[in-house]
Amino acid sequence: YSAKDRSLGVCVYGSELDDHSPERLGLLGDLRRAMDAGELVLHWQPKVSLPGEEVRGVEALLRWHHPERGVIPPGVFVPAAERTPVIRPLTRYVLDVAVAQCARWRAAGRHLDVAVNVSARNLLDDRFVDDVLEVLARWDVPASSLELEVTESAIMADPARAQLILGRLADVGITLSIDDFGAGYTSLSHLKDLPVHQLKIDRSFVAHMTTDRSDALIIRSVVELGRNLGLTTVAEGVEDRATLDRLGELGCDVAQGYLVCRPLPADELERWFDRTRVPAGA
Ligand code: C2E
Ligand code: MG
Ligand code: MG
Ligand code: MG
């Protein structure tokens with residue numbers, strides 16, 4: 001099936017509840033309380049270099065430990081929050097928790113870059129850059145330790161605006177990634193002018209690349225595009241060894257996926273580091 005179908009698949013991911021359902025509205029109203037109550041927690045998923053599988057950084061992925069509903073994945077509440085002003089306090093909250101964790105790891109001698117997902121609406125918010133700088137200053141973490149992941153659709157919602165905001169973030173030394181690359185519609189002319197550093201190839205292409213010839217060709221093309229534009233390429237959703245090996249052969253720089261490590265709470269991630277003997281300086 002076509003990339004277009006897949007991009008729809010990404011859009012409806014986790015949206016078993018209709019956007020206007022009372023259920024969803026109820027969840028949204030509950031979100032501010034959940035932040036204060038500490039119900040929103042971050043799990044962490046490593047990104048490793050190819051070849052060699054050295055940890056390059058960790059991505060923060062949000063989960064809601066709801067007292068009645070159990071664990072709610074971000075696909076259920078983030079897209080709805082993204083369409084309301086609550087996305088600003090939500091993103092600030094995630095940034096704060098993520099950068100605080102980065103500071104704790106640094107204090108323990110573990111110099112990890114942390115990646116945070118940001119929404120289209122954050123890029124349209126005049127205060128977003130200041131919010132980011134404020135959080136880095138609060139925890140005394142250098143901008144070079146922070147990565148921000150933005151989807152193609154967030155950028156294409158207002159490419160000129162995205163270029164301006166991403167430019168200001170890049171200028172202070174933050175690493176910028178285009179998430180789910182290939183699932184949206186970034187025109188190559190925009191891509192050329194965007195101040196981004198990484199392309200994260202959408203999981204839908206990675207999933208079948210060892211069996212589907214066109215998926216393998218797409219990955220090969222994105223890796224080549226990245227190389228020609230001076231961008232790091234990252235493959236997300238790597239679930240088996242054959243895929244990891246093939247990505248390495250194709251020259252993809254970084255991999256992430258269940259094969260390497262599932263997203264884990266910070267304490268479990270530290271045990272994973274110990275088990276896999278990741279040096280503290282990683
Ligand atoms: P994403 O940023 O593209 O994150 C990758 C998603 O793929 C995560 O789902 C991750 O758990 C999952 N994943 C990782 N490796 C594998 C694998 O090998 N196989 C499979 N099948 N899946 C894998 P998750 O945590 O449910 O997050 C879904 C999306 O929600 C994220 O996609 C991101 O767009 C959004 N999101 C998560 N946390 C935040 C946040 O703090 N803020 C915002 N704005 N969005 C967030
Ligand atoms: Mg991401
Ligand atoms: Mg860095
Ligand atoms: Mg992604």
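Values in this document were obtained by computation on a predicted structure and should not be read as measured data. Counting convention: from 1, in listed order, for ligands and their atoms alike. Numbering starts at 1 and runs along the sequence shown.
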Glu59 heavy atom under 4.0 Å from ligand 1 = yes
Using the ring of each side chain (for Trp, its six-membered ring), is Phe77 parallel, tilted or perpendicular to Trp64, with breaks at 30° and 60°?
-> perpendicular
Give a yes/no verdict on whether any heavy atom in Arg63 is under 4.0 Å from an atom of ligand 1.
-> yes
Looking only at non-hydrogen atoms, which of Ser119, Ala115, Ala255, Pro74 approaches atom 44 (N) of ligand 1 most closely?
-> Ser119
Check whether any side-chain heavy atom of Leu50 sits under 4.5 Å from a side-chain heavy atom of Val254, and report yes or no.
-> no
Around atom CG of Asp140, are there more than 12 heavy atoms of other residues, nucleotides or ligands at under 6.0 Å?
-> no
How about Asp202: does one of its N, O or S atoms come closer than 2.8 Å to the Mg ion (ligand 4)?
-> no
So is there a nitrogen or oxygen of Asp180 less than 3.5 Å from a nitrogen or oxygen in ligand 1?
-> yes
Angle at the Mg ion (ligand 4): provide the value between OE2 of Glu236 and OD1 of Asp180, rounding to 10 degrees.
-> 80°
Ion pair Glu53/Arg241, N-O distance below 4.0 Å | yes
Taking both backbone and side-chain atoms of Val118, is any N or O found less than 3.5 Å from an N or O belonging to ligand 1?
-> no
Counting heavy atoms only, which of Leu62, Asp179, Val78 is nearest atom 2 (O) of ligand 1?
-> Asp179
Tell me, yes or no, whether the heavy-atom count around Arg92 atom CZ, taken from other residues, nucleotides or ligands under 6.0 Å, exceeds 12.
-> yes
Answer with yes or no after comparing the ring centroid distance for Trp44 and Trp272 against a 6.0 Å cut-off, counting only values under it.
-> no
Give a yes or no on whether Glu149 keeps an N, O or S atom under 2.8 Å from the Mg ion (ligand 4).
-> no
Short side-chain donor-acceptor distance under 3.5 Å, Thr232 and Gln198 = no
Carboxylate-amine/guanidinium contact Asp126 Arg161, below 4.0 Å = yes
Enumerated ligand 1 atoms positioned under 4.0 Å from heavy atoms of Pro263 = 11 (O)
Near Val238 (heavy-atom distance under 4.0 Å), the atoms of ligand 1 are 18 (O)
Side chain or backbone of Glu236 under 4.0 Å from ligand 1, or both, or neither, by non-hydrogen atoms?
-> side chain
Taking only heavy atoms of Gln45 into account, list the atoms of ligand 1 that are under 4.0 Å away from them.
-> 14 (C), 15 (N)
Are the charged groups of Asp253 and Arg56 less than 4.0 angstrom apart, N to O?
-> no
Under 2.8 Å: N/O/S of Asn117 next to the Mg ion (ligand 2) | yes
Are any of the N or O atoms of Gln256 closer than 3.5 Å to those of ligand 1?
-> no
Are the charged groups of Glu147 and Lys47 less than 4.0 angstrom apart, N to O?
-> yes
Angle subtended at the Mg ion (ligand 2) by OE2 of Glu59 and OD2 of Asp179, to 10 degrees?
-> 180°
